[in-house]
Amino acid sequence: MILPSHDAAARDGQHETDFRVLLPRYHVAPIRQVGRRLLMALLVMVATVFIVYADRTGYHDNADGSVDFLDAVYYSTVTLSTTGYGDIVPYSDSARLSNILLVTPLRVLFLIILVGTTLEVLTERTREQWRLTRWRSALRDHTVVVGFGTKGRSAVQTLCAAAGGTVREKERIVVVDPNPKVVESATAHGYAGVIGDATRSDVLMRAELQKARQIIVATQRDDTAVLVTLTARQLNRTAKIVAAVREEENAPLLRQSGADAVITSASAAGRLLGLSVLSPSAGTVMEDLIQQGSGLDIVERPVVKAEVGRGVRDTDDLVVSVLRGHRLLGYDDPEASPLKATDRLITIVRARPPAEG
């Protein structure tokens with residue numbers, strides 16, 4: 001039975017600004033940057049006050065004629081932040097020389113620190129927007145993973161292991177999750193992420209789902225998986241959608257919603273547990289097969305030219321099934337042999353070591 005959906009009003013109450021796209025990058029704490037710049041500005045101020053107070057006899061205050069420590073602080077403040085008010089002026093040669101050689105450079109440095117912070121923020125926003133625009137224009141035939149919990153992370157790890165764990169393969173994966181901390185964890189591992197509710201089409205479009213080649217739905221709730229699958233199929237009619245559900249009775253509804261394959265996580269785990277009880281060795285082999293990149297791997301590959309016209313058992317790999325069109329033929333099916341050029345083979349092979357670099 002499908003569980004009640006999330007409160008629609010709560011979803012509609014979210015602002016569009018809550019849906020953000022995060023690209024992999026190294027983050028520096030903003031408070032640390034601001035604190036560092038404030039400290040630099042304070043040091044510049046202290047240095048200026050020291051210079052003015054050390055040569056205070058060369059300055060004239062129009063109010064009382066002399067310059068004390070407070071006057072030195074005041075003069076330094078208005079000099080660094082503005083062009084000065086003229087109430088305190090240097091009149092000796094040494095005071096004017098120190099203004100030319102020391103105070104003026106400090107004034108420029110002070111303005112650079114303050115203005116530089118603003119410029120850096122604007123530049124950072126522009127650079128981030130440029131990265132996002134370039135990423136959107138280059139992204140196509142990628143994989144969208146909805147939900148980055150245990151199932152989503154395992155699916156992503158399998159995809160990357162099958163591709164040799166290359167950086168390029170990571171760049172072709174986009175994670176969608178409503179939890180900002182989860183998306184930040186995904187970006188820390190090198191994946192692009194979108195923060196937002198995947199049942200909304202605008203959130204999925206931020207992940208460029210309409211240009212995706214395959215979609216993995218690994219949400220925590222079955223009702224959410226159905227809504228995400230419906231929305232995803234509406235946006236992309238050709239992508240392969242694989243979804244996970246907890247309850248087996250919800251699997252037909254997901255297929256009707258547009259999923260090409262449905263994995264029942266609870267039943268699959270239960271069957272593996274039962275198999276391990278009956279035959280621990282068989283359970284170990286099955287665990288090895290579904291763990292990509294180590295021991296034995298189960299892979300799908302096309303038929304090579306030398307295998308065309310040959311029987312299933314005459315191939316170099318251990319073939320367990322033959323995919324012919326939309327039909328999946330067992331290795332012992334008489335129709336599986338001879339092999340055709342358009343067939344694809346489901347084989348068990350020795351895992352290859354990950355590509356270096």
Side-chain angles (χ1 to χ4, degrees), residues 15-136 167 171 179-193 195:
H15 293 87
E16 187 176 355
T17 54
D18 294 335
F19 310 142
R20 306 196 309 274
V21 178
L22 300 181
L23 300 182
R25 55 172 299 175
Y26 294 101
H27 294 281
V28 179
I31 189 66
R32 188 173 182 179
Q33 291 185 357
V34 173
R36 188 189 313 167
R37 292 183 180 276
L38 289 177
L39 180 60
M40 293 173 60
L42 183 60
L43 291 177
V44 171
M45 174 69 71
V46 170
T48 306
V49 172
F50 176 77
I51 293 172
V52 174
Y53 187 72
D55 195 19
R56 59 187 178 278
T57 56
Y59 290 81
H60 177 74
D61 186 358
N62 293 331
D64 55 11
S66 61
V67 175
D68 55 14
F69 180 76
L70 181 60
D71 293 332
V73 175
Y74 167 76
Y75 176 80
S76 300
T77 302
V78 298
T79 300
L80 292 178
S81 58
T82 66
T83 57
Y85 297 123
D87 47 353
I88 299 178
V89 293
Y91 69 91
S92 69
D93 293 340
S94 60
R96 292 178 179 179
L97 185 62
S98 64
N99 264 260
I100 296 173
L101 299 180
L102 299 176
V103 176
T104 299
L106 289 174
R107 181 191 301 122
V108 174
L109 179 60
F110 188 82
L111 293 176
I112 289 176
I113 293 173
L114 295 183
V115 177
T117 302
T118 304
L119 291 178
E120 183 176 352
V121 172
L122 295 176
T123 303
E124 180 66 21
R125 291 180 180 177
T126 303
R127 182 167 59 246
E128 188 67 21
Q129 186 64 35
W130 177 79
R131 288 185 66 210
L132 185 58
T133 302
R134 187 181 64 173
W135 173 76
R136 290 185 185 279
V167 176
E171 293 176 348
N179 191 332
K181 292 184 178 180
V182 171
V183 176
E184 290 175 1
S185 174
T187 56
H189 286 82
Y191 313 114
I195 303 173

| Minimum heavy-atom separation for V52 to S76, with atom names? | CG2-OG, 3.9 Å

| task | Under the side-chain contact (heavy atoms from CB on, under 4.5 Å) rule, collect the residues that match up with F69, sequence neighbours excluded. | result | V49, Y53, V73

| request: Hey, could you give me the CG/CG distance between D71 and D68, rounded to the nearest 0.5 Å? | output: 4.0 Å

| query | With V182, which residues qualify under side-chain contact (heavy atoms from CB on, under 4.5 Å), at least two apart? | reply | F148, D177, N179

| Is T48 reaching over with its side chain to a backbone N or O of V44, donor-acceptor style, under 3.5 angstrom? | yes

